[in-house]
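Sequence positions, counted from 1, serve as the residue numbers for this chain. Start at 1 and go down the list; that is how both ligands and their atoms are numbered.
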Amino acid sequence: MHALVTGGGGFLGRYIVEQLAARGDRLRCFGRGRYPALEALGVEVVRGDITDAAAVKAACAGIDGVFHVAALPGIGMDWRPYEQVNLRGTENVLRGCHAHGVSRLVYTSSPSVVFNGRDQHGVDETAPYDFAWMERHRAHYSRSKALAEQAVLAASDASLKTCALRPHLIWGPRDNHLIPRLIARARSGRLRRVGDGANLVDVVYVENAAAAHLQAADALAVPDSPVAGRAYFLSQGEPVNCWEWIDQILALADLPPVRKRISLRAARAIGAACEIVYAALGLKQEPPMTRFLAEQLARSHWFDVSAARRDFGYEPRISTAEGMQRLAAWLRSTKNGPRVCPPQPRPS
Ligand SMILES: NC(=O)c1ccc[n+]([C@@H]2O[C@H](COP(=O)([O-])OP(=O)(O)OC[C@H]3O[C@@H](n4cnc5c(N)ncnc54)[C@H](OP(=O)(O)O)[C@@H]3O)[C@@H](O)[C@H]2O)c1
């Protein structure tokens with residue numbers, strides 16, 4: 001297929017691009033930066049902002065399948081950039097697909113679209129969105145991803161088949177978010193275990209998450225595919241203890257386990273105070289704690305991936321142990337430690 005990958009220069013997007021290139025698909029990427037590594041793979045790189053409807057539409061010309069991976073992540077307190085990039089940007093992608101007769105769209109969503117501050121043990125895709133909770137807790141990222149997911153799934157019809165994938169805590173070599181942040185926080189002594197430390201969470205090795213995107217796109221091409229119009233959780237197939245897993249990652253970076261602790265109640269109170277201060281002062285950077293983050297760090301949230309296995313043959317082929325070895329090798333190869341993704345410019 002001739003595929004367009006938005007955000008193809010990012011952490012997950014680049015693995016999707018590499019896997020598509022390896023099997024010989026023609027590729028175009030859309031993003032704001034320059035991506036020499038993608039150009040070296042023979043990928044056509046189109047520079048543009050996902051909030052620019054005309055640029056997105058032009059990028060969809062001649063494309064069979066779109067992987068819409070680009071998004072603004074994080075826990076910023078201003079709704080506007082999340083609305084512009086994650087929701088309006090996705091609407092631009094849908095319009096581009098319709099304008100150019102694209103037949104398949106795989107949207108990278110997030111399990112946080114159904115997070116509601118409660119423990120989630122093995123929940124499946126019947127879990128509802130809780131927009132009221134997300135709004136009350138200023139969970140702008142989750143809310144924007146949920147609204148975008150809804151729009152993508154509602155758009156699925158005979159001419160454009162769509163689906164949404166919800167990978168949880170993607171990790172692996174070249175991670176520019178989670179692992180560098182954990183390491184930086186641990187090095188500065190600012191990492192604290194939130195809650196009782198017993199919470200289980202799902203994680204997914206990046207190459208497994210990328211492979212699922214290709215499998216879902218291929219499944220969408222099959223007539224009467226059950227994948228069309230559906231969302232799917234993705235994980236390693238079994239949850240890990242959140243804090244033991246963090247300690248394992250820190251050990252790979254020669255750092256001691258997390259020793260400082262804070263109760264969920266205290267973290268929630270600090271988060272609420274941070275939110276008020278950051279919102280009142282109009283601060284653009286992310287607060288160190290929010291109520292959403294406190295709940296995410298202390299609660300269990302893991303998911304049933306049997307629908308992905310059943311409908312498009314998802315299998316986490318790279319085990320967590322193997323992934324950890326690959327991550328360790330990458331951490332050893334990065335001289336001054338992994339780099340955090342720089343703050344993204346705000347849309348105009
Ligand atoms: N990492 C996780 O644990 C996780 C978990 C669940 C879901 N996800 C989802 O997975 C997807 C990929 O995330 P990631 O972890 O790979 O993050 P990432 O490395 O930050 O990738 C995000 C990509 O989006 C692009 N992008 C952001 N704003 C843009 C804009 N205004 N216009 C055009 N492109 C823009 C970025 O490209 P430029 O900055 O170069 O333009 C970047 O390539 C996202 O949809 C995210 O919501 C991630």
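- Taking every non-hydrogen atom of Gly10 and a distance limit under 4.0 Å, the qualifying atoms of ligand 1 come out as 19 (O), 21 (O), 42 (C), 43 (O).
- By the 4.0 Å heavy-atom criterion, Leu72 is excluded from the residues contacting ligand 1.
- Distances from ligand 1 to the non-hydrogen atoms of Gly48 include at least one value under 4.0 Å.
- For ligand 1, the polar-atom distance check against Tyr141 finds a nitrogen or oxygen pair separated by under 3.5 Å.
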Checklist entry - Given the rule in the salt bridge (charged side-chain N to carboxylate O under 4.0 Å, His left out) test, do Arg291 and Glu295 qualify, once you have shown the distances and angles that lead to the verdict? => result CA-CA 6 Å; Arg291 288 168 298 161; Glu295 301 285 2; over 6 Å; no

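- For Asp130 and Arg118, the salt-bridge test fails: no basic side-chain N is under 4.0 Å from an acidic carboxylate O.
- For Gly31, no nitrogen or oxygen atom sits less than 3.5 Å from a nitrogen or oxygen atom of ligand 1, counting backbone and side chain alike.
- Ligand 1 has Ser109 within reach: a non-hydrogen atom of the residue lies less than 4.0 Å from it.
- In this structure, Asn116 CG and Met134 CE are separated by 9.0 Å, a value rounded to the nearest 0.5 Å.
- Salt bridge annotation for Glu149-Lys145: absent, with no cationic side-chain nitrogen under 4.0 angstrom from a carboxylate oxygen.
- Proximity of Asp49 to ligand 1, defined as any heavy-atom pair under 4.0 Å, is shared by backbone and side chain alike.
- With sequence neighbours left out, the side chain to side chain donor-acceptor pair (under 3.5 Å) criterion links Tyr205 to Glu207.
- Comparing Ala71, Gly8, Ala55 against atom 22 (C) of ligand 1, the shortest heavy-atom distance belongs to Ala71.
- One finds a salt bridge joining Arg88 and Glu91 here, because a Lys/Arg side-chain nitrogen approaches an Asp/Glu carboxylate oxygen to under 4.0 Å.
- When heavy-atom distances to ligand 1 are checked against a 4.0 Å cut-off, Asn176 comes that close only through its side chain, counted from C-beta outward.
- At least one side-chain heavy atom of His177 sits under 4.5 Å from a side-chain heavy atom of Pro73.
- Of all the listed residues (Ser110, Gly33, Pro167), Pro167 holds the heavy atom that lies closest to atom 5 (C) of ligand 1.
- Both tests do not hold together for Arg174 against Phe11: distance to the six-membered ring centre under 6.0 Å, angle to the ring axis within 45°.
- Of all atoms in ligand 1, listed by their number and element, those nearer than 4.0 Å to a heavy atom of Val69 are 11 (C), 12 (C), 44 (C), 45 (O).
- At a heavy-atom cutoff of 4.0 Å, ligand 1 is contacted by no atom of His168, backbone or side chain.
- Residues Phe115 and Trp133 place their aromatic rings such that the two centres sit under 6.0 Å apart.
- By the criterion of a heavy-atom distance under 4.0 Å, the side chain of His177, and not its backbone, is placed next to ligand 1.
- By the 3.5 Å distance cut-off applied to N or O atoms, Pro111 is not counted among the residues near ligand 1.
- Counting atoms of ligand 1 from 1 in the listed order, those under 4.0 Å from a heavy atom of Gly9 are 43 (O).
- Of all atoms in ligand 1, numbered sequentially from 1 with element shown, those under 4.0 Å from a heavy atom of Leu12 are 10 (O), 16 (O).
- Between the side chain of Asp124 and the backbone N or O of Asp304 there is no donor-acceptor pair closer than 3.5 Å.
- Each of the atoms 37 (O), 38 (P), 40 (O), 41 (O) of ligand 1 lies under 4.0 Å from some heavy atom of Tyr35.
- In this structure, of His68, Arg88, Arg32, Arg47, the residue bringing a heavy atom nearest to atom 29 (C) of ligand 1 is Arg32.
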What pairs of donor and acceptor atoms, side-chain ones from residues 62-71 against any protein atom, are under 3.5 angstrom apart with sequence neighbours left out?
| from | atom 1 | to | atom 2 | distance (Å) |
| --- | --- | --- | --- | --- |
| Asp64 | OD2 | His2 | N | 2.6 |
| His68 | ND1 | Thr6 | OG1 | 2.7 |
| His68 | NE2 | Thr90 | OG1 | 3.0 |

